[in-house]
K.L.:
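Structure incoming, see below.
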Amino acid sequence: MKIMAINCGSSSLKFKLYEMPEEKVLTSGLFERIGMKMGDYVFKQDGTKDVTEIALPDHSVAVEILLKELIRRNIIKSLDEIKGVGHRVVQGGKYFTESALVTEESKAHVKELIDLAPLHNKAHLIGVEAFEKALPNVKQIFVFDTAYHNRGMEPEAYMYAVPYYWYTEYGIRKYGAHGTSHEYIANEYARLTNQDVTKLKIVSCHIGNGASICANMYGKCKDTSMGLTPLEGIPMGTRTGNIDPTVVSYICEKENKDPKTVVNELNKKSGYLGVSEISSDCRDLEDAIALGNERAKLTLDIQAKRIADYIGSYYVLMEGIDAICFSAGIGENSPYVRKIICDRLKVLGVKIDDNLNTGRGIPFRFSTPDSKIDIWNIPTDEEVVIARDTLRLTQK
Ligand code: ADP
């Protein structure tokens with residue numbers, strides 16, 4: 001059975017078509033610069049990749065081209081073969097603790113949550129509507145980044161110490177993000193080591209351009225670093241992570257700006273980019289460090305310290321940690337970042353083998369046999385979780 005996993009952004013649409021339940025990827029790719037003068041799409045199939053330039057006025061056009069290409073490229077014979085389409089949704093708020101069938105009601109909730117994830121949720125709905133138009137008889141599923149956190153976190157973890165009515169009136173609380181990834185990493189660690197996830201205390205470090213840490217206790221999210229929005233937590237490519245909120249009013253006064261502008265700078269001009277004044281890309285910072293650039297080193301040290309702080313606090317929260325898993329663009333690919341984090345965890349009994357901390361793109365252990373905590377690199381796979389949930393819910 002063919003299942004499509006979709007991740008729609010405001011100007012992009014990523015897709016992966018699976019043969020399920022085998023979890024075989026038949027093709028994957030990306031439509032970019034939707035709504036701009038000129039766009040393009042990338043198709044990956046059988047180890048090859050091709051790019052086609054074409055104007056993509058809106059998401060519906062991208063979906064039409066995608067479906068036509070699947071047939072033209074002999075990936076499917078008929079559109080009837082596609083039995084479900086799963087959509088990644090960034091913000092499910094308080095409403096969703098699981099993936100859900102797309103209905104008028106669930107769409108209304110996703111729409112209501114646009115305030116909390118303005119660019120993302122709006123784009124997801126546009127994607128859903130484009131598929132509803134193109135494949136009216138196919139079931140569609142929402143898979144929420146927040147559902148895993150919402151299912152697991154207790155009020156003491158998700159409540160902020162703010163006036164209580166902010167919570168009841170406006171839904172101000174921690175929702176987290178990257179939940180699909182954290183859930184996958186925890187389950188995958190258990191599978192790879194032949195253990196039961198419901199008996200394990202795992203810290204997953206999803207460190208990409210966006211980055212978050214999660215305490216996965218006995219198969220549930222106990223706490224996570226992102227908050228009401230992805231701005232909370234550790235410093236990222238362009239996001240600041242935690243700061244004293246007073247900074248916002250202070251900069252507003254000093255630079256005669258409004259809070260929205262300053263928060264935008266905390267989202268888009270801070271983190272790696274802001275501190276280093278070099279780049280938001282980890283590879284550029286590592287290159288600069290190799291050339292002796294102290295600011296680039298400081299940038300990654302600030303992040304490593306904050307990540308170690310979270311891991312230390314999760315050690316206390318879960319009364320121990322069995323495993324720490326690194327994932328996403330930086331976590332999966334940067335031995336340097338993994339090392340400067342692990343070196344700060346010696347007090348917890350963490351010992352890594354530098355000779356093992358070299359791989360990329362595949363799961364591997366790089367702790368020593370006498371390390372008190374098992375340290376792994378586990379590439380994340382959010383799309384396969386989308387495909388699994390879509391298969392499960394379309395068969396219901
Ligand atoms: P997003 O949050 O946008 O999905 P990714 O998970 O794709 O982000 O991560 C992007 C980050 O991964 C960038 O900072 C990039 O520099 C980093 N990255 C990718 N490959 C490497 C590498 N070989 N070494 C260090 N960092 C890498």
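Note that ligands are numbered from 1 as they come in the structure, with each ligand's atoms numbered from 1 the same way. Not measured: the values here are computed from a predicted model.
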K.L.:
Which residue, T229, T146, N150, D223, forms the side chain to side chain donor-acceptor pair (under 3.5 Å) with K174?
P.N.:
D223

K.L.:
Is the distance from the ring center of H206 to that of H178 below 6.0 Å?
P.N.:
yes

K.L.:
Can you pull out the closest protein heavy atom to atom 2 (O) of ligand 1? Residue, atom name and distance to 0.1 Å, please.
P.N.:
G210 N, 3.0 Å

K.L.:
So which of G329, S327, C282 gets nearest to atom 13 (C) of ligand 1, if we judge by its closest heavy atom?
P.N.:
C282

K.L.:
Counting from 1, what ligand 1 atoms have a heavy atom of S334 closer than 4.0 Å?
P.N.:
25 (C)

K.L.:
State, yes or no, whether a side-chain contact exists between Y272 and I330 at a heavy-atom distance under 4.5 Å.
P.N.:
yes

K.L.:
Does the side chain of Y41 pick up a donor-acceptor pair with the side chain of D50 at under 3.5 Å?
P.N.:
no

K.L.:
Looking only at distances, please establish whether an N/O atom of ligand 1 is found under 3.5 Å from an N/O atom of H206.
P.N.:
no

K.L.:
For the 3.5 Å polar cut-off, considering only N or O atoms, please tell me whether A328 and ligand 1 meet it.
P.N.:
no

K.L.:
Taking atom 17 (C) of ligand 1 as the point of reference, which of T238, I207, I330, N209 owns the nearest heavy atom?
P.N.:
I330

K.L.:
So if I count the atoms of ligand 1 from 1 in the order they appear, which ones are less than 4.0 Å from some heavy atom of G208?
P.N.:
5 (P), 6 (O), 8 (O), 9 (O)

K.L.:
Would you kindly check if the NZ (Lys) or CZ (Arg) of R173 is within the cone defined by 45 degrees around the ring axis of Y160 and under 6.0 Å from the six-membered ring centre?
P.N.:
no

K.L.:
Have a look at E19 and tell me which of K2, K24, K83 forms a salt bridge (charged side-chain N to carboxylate O under 4.0 Å, His left out) with it.
P.N.:
K2

K.L.:
Can you figure out which of D281, N7, D287 has its heavy atom closest to atom 15 (C) of ligand 1?
P.N.:
D281

K.L.:
Identify, for atom 22 (C) of ligand 1, the protein heavy atom at the shortest distance, and state residue, atom and that distance.
P.N.:
N333 CB, 3.4 Å

K.L.:
Please identify which atoms of ligand 1 are closer than 4.0 Å to at least one heavy atom of E286.
P.N.:
25 (C)

K.L.:
For ligand 1 and R360, I'd like to know whether there is a polar contact (N/O to N/O, distance under 3.5 Å).
P.N.:
yes

K.L.:
Parallel, tilted or perpendicular: which describes the rings of W376 and Y189, with under 30° parallel and over 60° perpendicular?
P.N.:
perpendicular

K.L.:
Looking at K44 and T27, what are the two nearest heavy atoms and their distance?
P.N.:
O-OG1, 2.8 Å

